[in-house]
Enquirer: 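Before we start, here is the structure in question, set down as structure tokens.
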Number of protein chains: 2
Amino acid sequence: MNKKTNNSPIDWADKLNEFNKRCRQQGLKITPQRIAIYKELSMSRKHPTATDIYTKIRSEYPNISLGTVNSSLLAFAERGVIIIIGASGDPKRFEGNLDPHDHFRCIECHKITDIPQNKHKKIDIPKKLKAKYLVMGKQVLFEGKCDKCR
Amino acid sequence: MNKKTNNSPIDWADKLNEFNKRCRQQGLKITPQRIAIYKELSMSRKHPTATDIYTKIRSEYPNISLGTVNSSLLAFAERGVIIIIGASGDPKRFEGNLDPHDHFRCIECHKITDIPQNKHKKIDIPKKLKAKYLVMGKQVLFEGKCDKCR
DNA sequence: ATGTTTGCAAATAGTTTGCATCCAG
DNA sequence: CTGGATGCAAACTATTTGCAAACAT
């Protein structure tokens with residue numbers, strides 16, 4: 001499509017490097033399973049749940065467990081290697097793409113789509129907030145009905 | 001504190017009117033339970049879960065059920081009488097305050113605080129989004145650690 | 001060598017569903 | 001009257017926990 005062609009081995013090599021670096025920085029051990037989990041996540045633009053990733057990975061690692069997938073994803077998210085998105089009540093959805101962008105969620109089919117940040121790049125963190133809290137992230141979530149559901 | 005004194009009977013009468021009007025417009029039946037649910041929600045600045053509200057209301061309506069509280073809240077949210085906020089994986093949190101504002105969520109204690117919209121009032125909906133989707137709402141969620149947890 | 005991670009299983013939490021009864025409009 | 005709402009219980013889905021064995025550093 002456009003310059004952001006996924007699945008290119010070069011992209012993946014880059015991402016893997018970045019991933020390894022971040023893990024080491026954060027004291028997270030790098031295991032084949034974790035690499036597979038991260039690969040599955042970062043190759044997907046679909047904001048998979050832990051179960052989604054678990055299902056996909058089972059073909060490659062037949063005896064990985066959902067618990068492992070879940071705890072790995074949580075460990076990543078805790079250290080900022082990935083992020084968690086979506087709306088409350090939904091299962092957790094993970095996102096490997098750390099470039100700032102927004103999301104659109106269909107209230108009917110619950111699908112989440114990436115939305116590039118248009119103008120408003122700089123919503124940024126109100127000073128009052130920074131004074132009182134340690135602000136580590138920001139998410140903008142649009143909700144409504146997607147083309148298929150409306 | 002300041003002009004937004006909660007719990008004032010006048011505030012509540014206003015809100016109740018508004019609530020009744022909206023319910024009628026939307027074809028939702030008004031029952032004592034629903035009024036109690038909405039009252040509990042709109043009097044609270046704490047973004048309660050269904051269970052929170054259920055627990056509180058039981059003193060007044062000892063045989064209301066969690067299912068009823070939940071389905072009422074969902075019915076309200078579906079029709080825009082209230083909104084659902086929070087992050088995925090968390091239990092749903094409800095919010096009766098429809099004035100546009102943002103939220104801060106502590107990733108440790110999961111508490112959610114209202115954040116007034118500072119400057120950036122106008123993030124508003126990218127045209128491309130509007131073209132493709134039916135956008136019904138927008139949420140800005142800051143995440144990090146609150147004063148108590150950091 | 002050592003402390004983290006894995007895999008498994010069980011426990012917990014939260015949400016949703018089905019159905020008979022009831023009540024607001 | 002009638003369709004939506006209630007209350008109860010059971011089913012489901014997702015997440016978390018505990019522990020012994022395996023492995024990355």
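Here the structure is a predicted model, which is why all the values come from computation and not from measurement. The chains referred to below are lettered A, B, ... by the order of the sequence lines, with proteins before strands, and numbering in each begins at 1.
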Enquirer: Can you list, by chain and residue number, the hydrophobic cluster partners of A:L98 when the side-chain cut-off is 4.5 Å?
Expert: A:I83, A:I85, A:I112
Enquirer: Which residues pass the ring-ring contact (aromatic ring centres under 6.0 Å, His included) test with A:F19, sequence neighbours left out?
Expert: A:Y38, A:F76
Enquirer: In this structure, how many angstroms lie between the C1' atom of D:dG4 and the CD atom of B:E78, rounded?
Expert: 13 Å
Enquirer: Got a sec, which residues hit salt bridge (Lys or Arg N to Asp or Glu O under 4.0 Å) with B:R34, two or more places apart in sequence or on another chain?
Expert: none
Enquirer: What is the distance, rounded to the nearest whole Å, between atom CD1 of A:I53 and atom C1' of D:dA14?
Expert: 14 Å
Enquirer: For B:Y133, which residues count as a ring-ring contact (aromatic ring centres under 6.0 Å, His included) partner, sequence neighbours excluded?
Expert: A:F104
Enquirer: For A:H101, give me all partners under ring-ring contact (aromatic ring centres under 6.0 Å, His included), at least two apart in sequence or on another chain.
Expert: A:H103
Enquirer: Which pair of non-hydrogen atoms, one from B:A50 and one from B:V69, has the smallest distance, and what is that distance?
Expert: O-CG1, 3.6 Å
Enquirer: So what is the end-to-end bend of the helix from C:dA1-D:dT25 to C:dG25-D:dC1, with 5 pairs used at each end and the value given to 10 degrees?
Expert: 60°
Enquirer: Could you state the CG-P distance from A:L28 to C:dG3, rounded to the nearest angstrom?
Expert: 17 Å
Enquirer: Rounded to the Å, how far apart are A:L73 CG and C:dT5 P?
Expert: 13 Å
Enquirer: Output all residues satisfying side chain to side chain donor-acceptor pair (under 3.5 Å) with A:T113, sequence neighbours left out; order by chain, then residue number.
Expert: none
Enquirer: B:I35 CD1 to C:dC23 P: how many Å, rounded?
Expert: 15 Å
Enquirer: Measure from NZ on A:K29 to P on D:dA24 and round the result to the nearest Å.
Expert: 10 Å
Enquirer: Of all residues at least two apart in sequence or in a different chain, which pass the side chain to side chain donor-acceptor pair (under 3.5 Å) check with B:D52?
Expert: B:T49
Enquirer: Which letter, B, S or -, goes with each nucleotide of nucleotides 6-22 of chain C from 5' to 3', with contact meaning a protein heavy atom under 4.0 Å?
Expert: SBB-----SBB------
